[in-house]
Amino acid sequence: MVRSLNYLDWKIENRLILESFPGKTIMMLYSGGKDSSVVLHLIQRASTEFGFSFKTFAGIFPNHVFTLKDREKLDSYWRAHDVTINWHTLQSTDVQLDAALSEGVSPCLICNTAKKQALINFLKVESIELGSLVIIISYSLWDLVSASVEHTLTFNYSLSDAIPSVRHKSTEERFFETAQRFYPFLKFKSGFAVFKPLIRYNDQDILKFISDESIPLLSTQCRFENYRPKRLFSRYYKPINIKFDFEKVLEFSKTVHRLPEENVFTELGEDSYLRGVI
């Protein structure tokens, strides 16, 4: 089923999850891009209706993407909507991304690792109890499709002894990392949970939502974006205006790729999940 994106239908579909949020520590991971901006808008509206509060975490990395002008623009918009963007300056710099690329290592791996560590450090500094924490991440349906295509190409079709010119994680590690994105709500035994509110929606609907609500975005494209598989694949989806069906994508991945069940991830424990999977 292809879904249109609007607050009312989204709220109804996620009501049980949203009703569980009061009393929890809700952490919204915000990047300034279209997906996280839509999710932030939805969560802000839901917080008022369902009676919960939330915090944002925005890592300023890569540095060239998060210009001061853009951050001021986004701060102004979201403050007007009763949202405070908590910007975090990372120890890493763009120099490290260039150095990684020159050594044949994906700059996206360096960036993701730095942001993950910054989030873990923030949780420690704030003494946030993981058992009461819900992290909200903005993967979209196009991200899931790209993860599926990426795994098909690298696992099923590639030469096993071929060495890529730009290295990321191993095929197995990468698959495990992307496989957890297919589940909208992962709840761990401790109470820790991960919510992905946008994985049922296509890019066209996300962009329409951004336009209809006049939500501002970061204006500088990352100069390393060509090393993100999902960016490359989306350049194919976009011009032909293809729309995907979440249930079909999920069923394909379970059948063909043998997608791990939810409990495979939740039984890792929240600390292992944060350090090795998210």
Side-chain angles (χ1 to χ4, degrees), residues 17 20-21 24-33 35-40 43 54-62 86 88 90-92 106-144 146-148 150-151 168-200 222 227-231 250 253 257 259-278:
I17 295 173
S20 72
F21 282 1
K24 293 280 191 176
T25 301
I26 313 299
M27 182 71 65
M28 165 74 210
L29 304 187
Y30 173 71
S31 69
D35 298 340
S36 69
S37 297
V38 167
V39 172
L40 184 52
I43 292 299
F54 67 93
K55 298 180 180 180
T56 61
F57 179 91
I60 305 176
F61 194 50
N86 295 298
H88 297 269
L90 277 60
Q91 296 299 316
S92 305
S106 169
C108 299
L109 174 60
I110 304 301
C111 182
N112 291 340
T113 301
K115 286 185 174 181
K116 181 191 303 182
Q117 188 58 54
L119 173 62
I120 292 172
N121 292 341
F122 174 74
L123 297 176
K124 287 182 178 179
V125 169
E126 294 292 312
S127 300
I128 294 176
E129 173 58 48
L130 294 184
S132 66
L133 177 64
V134 178
I135 292 181
I136 300 177
I137 309 177
S138 307
Y139 300 123
S140 72
L141 182 50
W142 279 26
D143 292 337
L144 303 191
S146 294
S148 181
E150 178 187 346
H151 187 62
H168 204 275
K169 294 184 177 180
S170 70
T171 300
E172 292 75 19
E173 287 177 310
R174 181 66 176 156
F175 174 65
F176 195 69
E177 178 186 83
T178 58
Q180 58 88 24
R181 300 175 184 179
F182 286 75
Y183 296 108
F185 191 66
L186 291 173
K187 187 172 182 180
F188 295 65
K189 292 178 181 178
S190 66
F192 172 73
V194 181
F195 183 33
K196 310 175 195 93
L198 217 56
I199 62 173
R200 293 182 172 88
C222 179
Y227 298 96
R228 300 189 72 183
K230 71 174 188 177
R231 291 280 184 256
L250 181 61
S253 294
H257 295 150
L259 197 71
E261 296 294 332
E262 292 182 57
N263 68 306
V264 171
F265 301 105
T266 57
E267 289 177 2
L268 288 173
E270 58 271 20
D271 188 64
S272 295
Y273 178 88
L274 284 169
R275 293 182 182 280
V277 181
I278 194 171

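The chain is numbered in sequence order, starting from 1.
- For an aromatic pair to be called close, the ring centres must be under 6.0 Å apart, and F176 with F265 satisfies this.
- The closest donor-acceptor contact from the side chain of K230 to the backbone of W142 lies at 3.5 Å or more, if one exists at all.
- Two residues are said to be in side-chain contact when any heavy atoms from C-beta on lie closer than 4.5 Å; T266 and K187 fail this criterion.
- Taking the side chain as every heavy atom from C-beta outward, Y273 and I278 approach each other to under 4.5 Å.
- Between I120 and K116 the shortest side-chain heavy-atom distance falls below 4.5 Å.
- Remark: side-chain polar atoms of T178 are paired, donor with acceptor, to backbone N or O of F175 under 3.5 angstrom.
- By the 4.5 Å heavy-atom criterion applied to side chains, K115 and T113 are not counted as neighbours.
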Check the pair L133 / M27 against side chain to side chain contact (heavy atoms under 4.5 Å, CB included), numbers first and verdict last. CA-CA 7 Å; L133 177 64; M27 182 71 65; 3.9 Å; yes
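- Judged by distance alone, the side chain of Q180 and the main-chain N or O of E177 form a donor-acceptor pair under 3.5 Å.
- The shortest distance between side-chain heavy atoms of P229 and S146 does not fall below 4.5 Å.
- The closest side-chain heavy-atom distance from Y30 to S138 is not below 4.5 Å.
- G276 and K169 make their closest contact through O-NZ, 4.2 Å (heavy atoms, listed as atom of the first residue, atom of the second, distance).
- Applying the side chain to side chain donor-acceptor pair (under 3.5 Å) definition to pairs two or more places apart or across chains, those involving residues 120-130 are Q117-N121.
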Evaluate side chain to side chain contact (heavy atoms under 4.5 Å, CB included) for R200 paired with L141, printing each intermediate quantity in order. CA-CA 5 Å; R200 293 182 172 88; L141 182 50; 5.9 Å; no
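- Listed here is the closest heavy atom pair of I17 and S20: O-OG, 2.6 Å.
- I137 CD1 to S31 OG: the interatomic distance, rounded to the nearest 0.5 Å, is 11.5 Å.
- Taking the side chain as every heavy atom from C-beta outward, V39 and F195 never approach each other to under 4.5 Å.
- Shown here for K24 and G191, the closest heavy-atom pair between the two residues is NZ-O, 3.2 Å.
- Of all heavy-atom pairs spanning E261 and Y183, the tightest one is CA-OH, 3.6 Å.
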Candidate pair L130 and L123, rule side chain to side chain contact (heavy atoms under 4.5 Å, CB included), full reasoning: CA-CA 8 Å; L130 294 184; L123 297 176; 4.0 Å; yes
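- Between H168 atom NE2 and E150 atom CD the span is 7.5 Å, to the nearest 0.5 Å.
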Passes side chain to side chain contact (heavy atoms under 4.5 Å, CB included), F192 versus I135? Steps please. CA-CA 8 Å; F192 172 73; I135 292 181; 4.0 Å; yes
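- Residues that satisfy the side-chain hydrogen bond (donor to acceptor under 3.5 Å, both in side chains) test with T171, not counting sequence neighbours, are absent from this structure.
- Distance check: K196 NZ to Y139 OH gives 7.5 Å after rounding to the nearest 0.5 Å.
- To the nearest 0.5 Å, the span separating CZ on R275 from CG on L268 amounts to 13.5 Å.
- Between N86 and F57, the closest side-chain pair of non-hydrogen atoms is not below 4.5 Å.
- Between F182 and the choices I199, L144, D143, the side-chain contact (heavy atoms from CB on, under 4.5 Å) rule is met once, by L144.
- Ring-plane geometry between H88 and F122 is classed as perpendicular, the angle between the planes exceeding 60 degrees on a 0 to 90 degree scale with a lower cut at 30.
- I136 and P197 make their closest contact through CG2-CG, 3.7 Å (heavy atoms, listed as atom of the first residue, atom of the second, distance).
- Atom CZ of R228 sits about 8.0 Å away from atom SG of C222, to the nearest 0.5 Å.
- Between G32 and S36, the shortest heavy-atom distance links the atoms N-OG, 3.4 Å.
- Atoms OG1 and CE, on T56 and M28 in that order, are 8.5 Å from each other to the nearest 0.5 Å.
- In terms of modelled atom types and a separation under 3.5 Å, the side chain of S272 and the main chain of G269 share no donor-acceptor contact.
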